[in-house]
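Working notes for the structure below.
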Amino acid sequence: MSRSSVSTRTEYRNSDVIRPLPRSFYDRPVEVVARELIGKRLFRETADGLTGGRIVEVEAYLSAGDSACHAARGETRRNASMFGPPGRAYVYAIHSRWCLNAVTEPERTPSAVLIRAIEPLEGVEFMATRRGTDKLLDLARGPGRLCEALDVRRELDGWDLTLGEQLWIARDTRCRVPDEGIVVTPRIGVTSAHELPLRFCLSGSRFVSGRRLSRGD
DNA sequence: CTACCGATTGACT
DNA sequence: GTCAATCGGTAGA
C-alpha cells in the first residue's frame with residue numbers, strides 16, 4: 001500500500017495526544033464533560049495494534065430528570081458501571097451492537113456520555129477489517145459502528161479510562177475546539193426525553209452520524 | 001422459563 | 001423518507 005496509517009504507541013510517547021485524561025476531568029457535570037469531549041482523542045490498543053480517532057459526536061445522559069437514561073429506573077447488572085466512580089467505561093448492548101460511554105460525576109450519581117462517532121485517525125486498516133468496509137466515512141460513524149471498529153465489547157464495561165491502557169481518552173491540544181465549533185441538538189434514537197438538547201457534535205464534521213447537519217443548524 | 005423492549009444499523013421505496 | 005432483523009437485558013410467571 002502506498003499509504004500507511006498504522007500508528008504505534010511509541011510515536012506518541014510523552015505526548016498529550018496520547019496521555020489519558022485524569023479522573024478529575026470526568027468528575028464534573030455530565031453536560032460539561034460531554035461538550036469538552038468533542039475534539040478529544042479516543043484510543044484502543046489490542047494485539048492488533050493501536051486504533052482510534054478524534055471524537056466528533058457525543059450525547060449526555062443525566063442522573064436525574066432524564067427518562068432516557070438507563071439509570072432512570074434504578075441500578076441493575078447492566079447499568080452498574082454508571083453508578084460507579086467517574087472515568088470508567090459503561091458498555092451496553094442495543095439491537096445486538098455494543099455502545100461505549102464514559103461515566104461522569106461522583107460515585108452513586110449515575111450519568112454518562114455516549115461516544116457516538118469518531119473521525120478515524122489511528123490504525124485505519126485494522127478498523128476497516130473489523131468493520132468489513134474500507135469506506136472511511138462508515139468506519140466509526142454511529143455508536144455501534146464505532147465499537148465494532150475499535151473492538152469494544154462487554155468485557156470492557158467498567159474499564160478505567162484513566163489508565164492509558166487498552167481503552168482511554170486523551171487530550172489533544174492541537175485539536176482544541178472553541179464553543180462556536182460545537183453544534184448542540186436533541187439526542188438521536190431515544191424514545192423519551194427527546195426534546196433535551198444533549199447531543200454535541202463537531203460543527204461541519206462529515207464523520208457525525210445521523211442526517212447531515214446543515215450549516216448553522 | 002417466556003415475553004417484551006430498545007441510547008442501531010443497513011436495506012429498501 | 002420507511003422498516004425490520006436481531007439479541008442482551010429485564011421483568012414477571
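Residue numbering restarts at 1 for every chain, and letters A, B, ... go by the order of the sequence lines.
- The residues A:Asp157 and A:Arg78 are annotated as not salt-bridged, no charged nitrogen and carboxylate oxygen being separated by less than 4.0 angstrom.
- In summary, the side chains of A:Thr185 and A:Arg199 do present a donor paired with an acceptor at a separation below 3.5 Å, with no hydrogens or angles considered.
- With contacts defined as side-chain heavy-atom distances shorter than 4.5 Å, the pair A:Glu122/A:Tyr12 qualifies.
- Residue contacts for A:Arg78: at a heavy-atom cut-off of 4.0 Å it reaches the sugar-phosphate backbone alone, with no base atom in range.
- One finds no side-chain N or O of A:Arg73 lying less than 4.0 angstrom from the OP1 or OP2 phosphate oxygen of C:dT10.
- By the 6.0 Å and 45° rule, A:Arg88 does not stack over the aromatic ring of A:Tyr90.
- Rounding to whole angstrom units, CG of residue A:Asn79 and P of C:dG8 are separated by 18 Å.
- Classification of A:Arg130 and A:Glu148 as a salt-bridged pair fails, no side-chain N sitting under 4.0 Å from a carboxylate O.
- Pair assignment for C:dG9: B:dC4, on the basis of Watson-Crick or G-U wobble contacts that are both within less than 3.5 Å.
- A gap of 16 Å separates the C1' atoms of C:dA4 and B:dC4, to the nearest Å.
- Cation-pi contact between A:Arg187 and A:Tyr61: present, with separation from the ring centre below 6.0 Å and deviation from the ring axis of at most 45°.
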Open item on the list: Treating primed atoms plus P, OP1 and OP2 as sugar-phosphate and everything else as base, which nucleotides of nucleotides 1-9 of chain B get B, S or - for protein heavy atoms under 4.0 Å?
Closed with: -----BBBS
